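Beneath this line is the structure, given in structure tokens, with notes to follow.
To find a chain, count down the sequence lines: A is the first, B the second, and so on, and within it residues start at 1. Quick caveat, the model's predicted, so the values are computed rather than measured. In what follows, every heavy atom counts, from backbone to side chain, and hydrogens, waters and symmetry copies are set aside.
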There are 2 protein chains.
Amino acid sequence: MTAANTPGVMDPPASLRERKKLATRRLLRRAALDLVAERGLANVTVEDIAATADVSPRTFFNYFPSKEAALFGGDPDRAAVLRDRVARQAPGEPALDAVREVMSDDAEAMAAELRALGGDPADWLRRLKVARADPHLRAAQAAQMAMIERAVAEGLAARLGADPETDPYPGVLAAAAVGVVRACMTFWAGSGGTVALGQLIDLAFRALGDGLPEHSALRTSTGTGRKDVHR
Amino acid sequence: MTAANTPGVMDPPASLRERKKLATRRLLRRAALDLVAERGLANVTVEDIAATADVSPRTFFNYFPSKEAALFGGDPDRAAVLRDRVARQAPGEPALDAVREVMSDDAEAMAAELRALGGDPADWLRRLKVARADPHLRAAQAAQMAMIERAVAEGLAARLGADPETDPYPGVLAAAAVGVVRACMTFWAGSGGTVALGQLIDLAFRALGDGLPEHSALRTSTGTGRKDVHR
DNA sequence: ATGTAATCATGCAGAGGATGCAAGATTTTA
DNA sequence: TAAAATCTTGCATCCTCTGCATGATTACAT
């Protein structure tokens with residue numbers, strides 16, 4: 001897969017205005033991650049984030065609808081892209097495989113976005129590990145994922161030709177898949193980025209497809225221990 | 001299973017103070033459900049809810065930490081109970097079965113709590129169906145479920161003797177299971193309570209255990225169509 | 001190059017969510 | 001019945017988030 005058709009990896013915009021917008025967007029996100037990592041979400045105000053990024057507090061809300069969105073939120077139209085990809089990815093293949101491919105790409109795109117912020121990604125992840133226990137943070141991430149889950153559910157419904165109103169299957173499948181991805185990302189962040197996220201997600205989806213075997217489902221597959229997930 | 005050891009179904013407290021507290025708690029919850037159902041979450045303030053329940057706005061926050069908690073929040077110690085039950089339920093059985101039993105009971109307890117509010121539960125569910133599309137509401141429910149998912153993950157880790165820091169499996173299993181239950185509850189609420197929630201959850205877990213078959217996993221099992229889920 | 005249109009940053013005002021504190025009312029207990 | 005514990009309430013306060021107007025910046029067409 002080349003960079004041209006890799007979703008989430010966007011080429012630098014030619015326009016000056018677009019470049020500036022992307023710059024302040026990353027400044028704000030970086031500021032938010034930095035401050036939350038060292039103080040915790042509750043002790044960081046939007047005013048703090050804006051001041052660190054050298055913009056007015058009002059401008060912050062021109063870029064993110066909420067404080068939490070600066071931490072977790074991706075592109076505004078991310079949901080629509082996911083829905084369409086889930087609906088059309090690899091027609092003929094099992095739905096679970098299609099979702100796995102799309103979500104795996106999406107997770108990698110997220111990691112790439114983090115990498116684009118400039119500093120050492122592992123550095124943030126290590127510091128965020130402290131704040132990770134905050135229930136409010138967990139709730140915020142879950143809320144963000146709810147949007148994605150809805151998009152995936154709609155995409156699945158379209159793919160399977162099902163009516164979400166009368167058929168619970170698309171919703172159930174989407175919930176399981178997105179939940180698994182989120183758990184993998186949480187584990188990945190908790191490990192400080194020392195595990196291969198894509199590989200972990202693949203293993204988790206294999207476990208899903210195999211019926212969630214009793215324990216050690218994420219260890220076997222290739223070798224003996226769970227080291228096959230670590231780099 | 002008798003009422004004595006059925007969690008979530010608590011006997012009426014003897015104390016006058018406890019009875020009053022439970023009464024206003026239900027009054028507040030009912031008021032919140034009523035108002036949100038007819039106006040939408042964005043057009044209902046805490047002041048409105050408090051006024052409808054005939055208490056001061058400040059008192060509302062003595063019962064619920066947030067507006068959304070009045071809609072979805074259960075007992076404050078619900079998470080701890082779930083964690084312990086998941087850890088100890090049916091030792092020897094597969095973890096997925098244990099989670100299914102615990103979550104099924106929990107869902108039924110939630111439905112029972114709704115029934116205890118006094119009016120017709122199907123009535124609220126029918127009206128809530130309109131508000132169900134609100135992204136903010138979905139996010140709030142996901143945030144609530146994040147707490148439960150964490151509790152289930154901890155219970156699973158204890159049950160399987162796994163370390164959540166180095167083993168992603170408990171988190172992944174909990175995310176899939178809780179996500180599936182939430183999807184079932186959403187579908188159940190969307191149907192206006194016209195489907196058997198416990199049966200739907202059982203079917204969904206069977207699909208999980210069978211590896212999420214390609215479509216129609218929630219139809220087969222017993223008969224031909226998906227009618228076996230409807231009452 | 002210059003004027004015009006589109007877009008963006010900012011300040012201001014304001015509604016609403018949420019918490020801490022203290023005083024008064026109610027229930028429990030001795 | 002008095003004291004202790006607990007609950008309700010009002011008040012002050014901080015924070016999140018939105019709408020609106022204004023000036024600044026960028027884009028575009030002539």
Side-chain angles (χ1 to χ4, degrees), chain A residues 12-29 31-32 35-36 39-73 76-77 131 134-137 139-141 143-144 147, chain B residues 12-29 31-33 35-36 39-73 76 131 134-137 139-141 143-144 147:
Chain A
S15 167
L16 166 65
R17 186 165 265 164
E18 293 295 323
R19 263 181 290 133
K20 275 196 172 180
K21 276 182 67 177
L22 185 58
T24 54
R25 186 180 187 83
R26 283 179 176 164
L27 262 181
L28 283 170
R29 189 186 292 273
L35 294 177
V36 168
R39 294 189 212 166
L41 182 63
N43 298 325
V44 174
T45 69
V46 171
E47 195 177 352
D48 296 333
I49 301 174
T52 304
D54 270 308
V55 293
S56 81
R58 186 62 183 85
T59 297
F60 174 90
F61 289 104
N62 288 347
Y63 283 86
F64 300 101
S66 71
K67 191 168 58 169
E68 294 80 11
L71 265 18
F72 302 114
D77 58 337
D134 184 8
H136 201 318
L137 252 183
Q141 195 201 7
Q144 285 288 344
M147 278 181 25
Chain B
S15 166
L16 166 64
R17 187 166 262 163
E18 293 295 324
R19 265 182 289 132
K20 276 195 172 181
K21 276 182 69 177
L22 185 59
T24 55
R25 185 179 187 83
R26 283 179 175 163
L27 261 181
L28 283 169
R29 189 185 292 272
L33 284 170
L35 293 177
V36 169
R39 294 188 212 165
L41 182 62
N43 299 324
V44 174
T45 69
V46 171
E47 194 177 353
D48 296 334
I49 301 174
T52 305
D54 270 307
V55 292
S56 81
R58 186 60 184 85
T59 296
F60 174 88
F61 289 104
N62 289 346
Y63 283 88
F64 300 101
S66 71
K67 192 169 58 168
E68 294 80 11
L71 265 17
F72 302 114
D134 184 8
H136 201 318
L137 253 182
Q141 195 201 5
Q144 285 288 345
M147 278 179 25

Close approaches to DNA chain C from residues 47-64 of chain A, in residue order (heavy atom, under 4.0 Å): A:V55, A:S56, A:R58, A:T59, A:N62, A:Y63
Within residues 48-71 of chain A or reaching into it, pairs that qualify as salt bridge (charged side-chain N to carboxylate O under 4.0 Å, His left out) - sequence neighbours excluded: A:R39-A:D48
Phosphate OP1/OP2 of D:dC7 contacted by B:K21 side-chain N/O (<4.0 Å): yes
Euclidean distance, atom CZ of residue B:R25 to atom C1' of D:dT8 [Å, nearest integer]: 16 Å
Smallest separation among heavy atoms of A:A70 and A:A32, with atom names: CB-CB, 4.0 Å
Side chain to side chain contact (heavy atoms under 4.5 Å, CB included) between A:V46 and A:F64, worked out: CA-CA 10 Å; A:V46 171; A:F64 300 101; over 6 Å; no
Where B:A140 and B:F72 come nearest, the two heavy atoms and their spacing: CB-CE1, 3.9 Å
Heavy-atom closest contact (A:A69 atom, A:R29 atom, distance): O-NH1, 4.3 Å
Distance, rounded to the nearest Å, where A:L41 contributes CG and D:dT16 contributes C1': 12 Å
Where chain B begins and ends its contact with DNA chain C, read 5' to 3' at 4.0 Å from heavy atoms: C:dG16 to C:dT28
Which residues share a side-chain contact (heavy atoms from CB on, under 4.5 Å) with A:T24, sequence neighbours left out: A:Y63
Which residues share a side-chain contact (heavy atoms from CB on, under 4.5 Å) with B:A143, sequence neighbours left out: A:A139
Closest approach of A:L71 to A:L137 (non-hydrogen atoms, all atoms of both residues): CD2-CD2, 4.0 Å
Any A:K20 side-chain N or O less than 4.0 Å from OP1/OP2 of D:dT26: yes
Euclidean distance, A:E18 CD relative to A:K21 NZ, rounded to 0.5 Å: 5.5 Å
A:L28 versus A:A50, closest heavy-atom pair with distance: CD2-CA, 4.3 Å
Nucleotide N/O of nucleotides 27-30 of chain D paired with protein N/O under 3.5 Å:
| unit_1 | atom_1 | unit_2 | atom_2 | d |
| --- | --- | --- | --- | --- |
| D:dA27 | OP1 | A:S15 | OG | 2.8 |
| D:dA27 | OP1 | A:L16 | N | 3.0 |
| D:dA27 | OP1 | A:R17 | N | 3.0 |

